[in-house]
Engineer: 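Structure below; questions to follow.
In what follows, chains are A, B, ... by sequence order, proteins preceding strands, each numbered from 1.
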Number of protein chains: 2
Amino acid sequence: MQSYTEENYLKTIYHLAEKTINVQTNAIAEQMQTKPASVTDMIKKLADKGLIDYIKYQGVTLTETGKNTAIDIVRKHRLWEVFLVDKLNFKWDEVHDVAEELEHIKSIELIERLDEFLGFPKADPHGDPIPDKNGRFAKTQFIKLIELKVGDSGTITGVSQHSSAFLKHLEKLGLTLGKQIQVSDVTDFDGSVEIQVSDKQVNISREVAKHILISSNGKN
Amino acid sequence: MQSYTEENYLKTIYHLAEKTINVQTNAIAEQMQTKPASVTDMIKKLADKGLIDYIKYQGVTLTETGKNTAIDIVRKHRLWEVFLVDKLNFKWDEVHDVAEELEHIKSIELIERLDEFLGFPKADPHGDPIPDKNGRFAKTQFIKLIELKVGDSGTITGVSQHSSAFLKHLEKLGLTLGKQIQVSDVTDFDGSVEIQVSDKQVNISREVAKHILISSNGKN
DNA sequence: AATAATTTTTAGATTTACCTAAAAATAAAA
DNA sequence: TTTTATTTTTAGGTAAATCTAAAAATTATT
């Protein structure tokens, strides 16, 4: 059994490990809003418990057990987000902090029943895949909108930025999950992208385009 | 803002205060499964925060603020219990421990939306009243089944014992909330009570009868 | 390769919630 | 009203998760 804090460390390490093989102390500290010295203390503890592999000065990687634990927390987080949006009518930019608390509720029965109640959803309100109860989930094939060429089209199926400001901005532009888009122009000057959505033309900055994930319908 | 532990102390004091005016250190310790010395530490802290009035050796009482905080936790606990039973199909004897965790989730918005989602229920699965968002709730007029005389009838509207063993026992006997009952006999020997429920005769011990709460239809 | 910069760890403290054991206050019994 | 029993508090200590400041290891730069 892990403490609330240990669970948060594991989850953070899991997410950081999606980008780098060895997760570094400073990266964890930044993500957890804490100091590197505190991280060192904690990773020693997690290593002792067999949840991570740790070589001094070399960063950490999750063990099989650690990874499973982390995936279970991610599963809970995403299911709760679906609950908040689908059942309690929260907006997609309002759910993160509450789910951050709910994900630590321990009952396995609760999560299985919640999953069933929600109709076994495959993705959360931001398009992130929800692991099943065995920790398995489809490795979704996303392309960043920024990588599309003029003329390419596809469906918005995710975002790689969960900040409220970003999500509200997308909402205002009508760029929500499931929307069909086509790239009509890319501006040389600032790299901003002109896209067609629901019969409207919208212009989005390069920065925004980087964080919109598209499931491609192929080129044309 | 209170810690998880502070909230649990306030809730415990609130419940104990339903029976005695001044809540004693030992009573809190027993309820919280901790030691009197630890309770003394905590009540000093809660007193400093203005949540309880505390005179050394004389026990404690909740201040207005403390009471409001406690009622808010009770509200959350009971709403979550309704959710678990009504939406996730938990049985009434399975919800307590999970609700014990869920009650500490901090978002006010969450609880208001949950309340609405559940249809603003007035009572939890054990018949306990749910305070509204202003902390107000009807002081329900219950009579203990044990106090009924032969011939008296009424409706089961609550229980004063939430242990799984007790609730499972009631379930087996068909004694669930909303059931209409009539007392047909009281045994002199052991004080056990013979009651009529759904055209069946069931015999319940004095101990069980003490913890079933009846809203009376008057005598006859 | 030597020096500088960065990253990580150690050492020693702090806070929260708990503990045990002993002392003090209050309540009950002789 | 003493004595005894019970309740409560104090004193001092522990474990978890944090911190600051300084030391050590690693990486980058000249």
Engineer: Below the 4.0 Å mark, does dT8(D) have OP1 or OP2 next to a side-chain nitrogen or oxygen of Q24(B)?
Structural biologist: yes
Engineer: Which is true for Y4(A) with a 4.0 Å heavy-atom rule: it touches a base, it touches only sugar-phosphate, or it touches nothing?
Structural biologist: nothing
Engineer: Ring centres of Y9(A) and Y14(A) under 6.0 Å apart?
Structural biologist: no
Engineer: Rounded to whole Å, how long is the line connecting atom CD1 of I55(A) with atom P of dT26(D)?
Structural biologist: 11 Å
Engineer: So, does N26(A) get its side chain near the phosphate of dT6(C), meaning an N or O under 4.0 Å from OP1 or OP2?
Structural biologist: no
Engineer: Can you tell me the distance, in whole Å, between the CG atom of N22(A) and the P atom of dT26(D)?
Structural biologist: 14 Å
Engineer: Taking any heavy-atom pair under 4.0 Å as a contact, classify T25(A): base, sugar-phosphate, or nothing.
Structural biologist: sugar-phosphate
Engineer: Is it true that a side-chain atom of E171(A) and a backbone atom of K168(A) form a donor plus acceptor pair closer than 3.5 Å?
Structural biologist: no
Engineer: Between dT6(D) atom P and E30(B) atom CD, what is the distance in whole Å?
Structural biologist: 15 Å
Engineer: Tell me the interatomic distance from K44(A), atom NZ, to dA11(C), atom C1', rounded to whole angstroms.
Structural biologist: 10 Å
Engineer: Considering only nitrogen or oxygen atoms on both sides, find all protein atoms under 3.5 Å from nucleotides 24-29 of chain C and state each distance.
Structural biologist:
| unit_1 | atom_1 | unit_2 | atom_2 | d |
| --- | --- | --- | --- | --- |
| dA25(C) | O4' | Y57(B) | OH | 3.4 |

Engineer: Less than 4.5 Å apart, side chain to side chain, heavy atoms only: is that true for Y54(A) and K56(A)?
Structural biologist: yes
Engineer: Would you mind reading off the distance between I43(A) atom CD1 and dT18(D) atom C1', rounded to a whole angstrom?
Structural biologist: 15 Å
Engineer: Can you check the E7(B) CD to dT16(C) C1' distance for me, whole Å?
Structural biologist: 15 Å
Engineer: Would you say the side chain of I212(A) lies within less than 4.5 Å of the side chain of L175(A), judging by non-hydrogen atoms?
Structural biologist: yes
Engineer: Side chains of H77(B) and E103(B) only: does a donor on one sit below 3.5 Å from an acceptor on the other?
Structural biologist: yes
Engineer: Tell me yes or no: between the side chains of S107(A) and E109(A), is some donor less than 3.5 Å from an acceptor?
Structural biologist: no
Engineer: Using a 3.5 Å cut-off and no angle test, enumerate the donor-acceptor pairs between side-chain atoms of residues 114-136 of chain A and protein atoms at least two apart in sequence or in another chain.
Structural biologist:
| unit_1 | atom_1 | unit_2 | atom_2 | d |
| --- | --- | --- | --- | --- |
| D115(A) | OD2 | R75(A) | NH1 | 3.2 |
| D115(A) | OD2 | R75(A) | NH2 | 3.3 |
| K122(A) | NZ | F120(A) | O | 3.4 |
| D124(A) | OD1 | H126(A) | N | 2.7 |
| D124(A) | OD1 | G127(A) | N | 3.1 |
| D124(A) | OD1 | D128(A) | N | 3.1 |
| H126(A) | ND1 | E81(A) | OE1 | 3.1 |
| H126(A) | NE2 | W92(A) | O | 2.8 |
| D128(A) | OD2 | H162(A) | NE2 | 3.0 |
| D132(A) | OD1 | N134(A) | N | 2.7 |
| D132(A) | OD1 | G135(A) | N | 3.1 |
| D132(A) | OD1 | R136(A) | N | 3.0 |

Engineer: Check the surroundings of atom CD in E100(B): do more than 12 heavy atoms from other residues, nucleotides or ligands lie under 6.0 Å from it?
Structural biologist: yes
Engineer: For dT8(D), take OP1 and OP2 only and decide whether either is under 4.0 Å from a side-chain N or O of Y54(B).
Structural biologist: no
Engineer: In terms of side-chain heavy atoms, does S205(B) have a donor or acceptor partner in S192(B) at a distance below 3.5 Å?
Structural biologist: no
Engineer: Can you give me the N/O atom pairs linking the protein to nucleotides 18-21 of chain C at distances under 3.5 Å, or say none if there are none?
Structural biologist:
| unit_1 | atom_1 | unit_2 | atom_2 | d |
| --- | --- | --- | --- | --- |
| dC18(C) | N4 | D41(B) | OD2 | 2.9 |
| dC19(C) | OP2 | T34(B) | OG1 | 2.7 |
| dC19(C) | OP2 | K35(B) | N | 3.2 |
| dC19(C) | OP2 | S38(B) | OG | 2.4 |

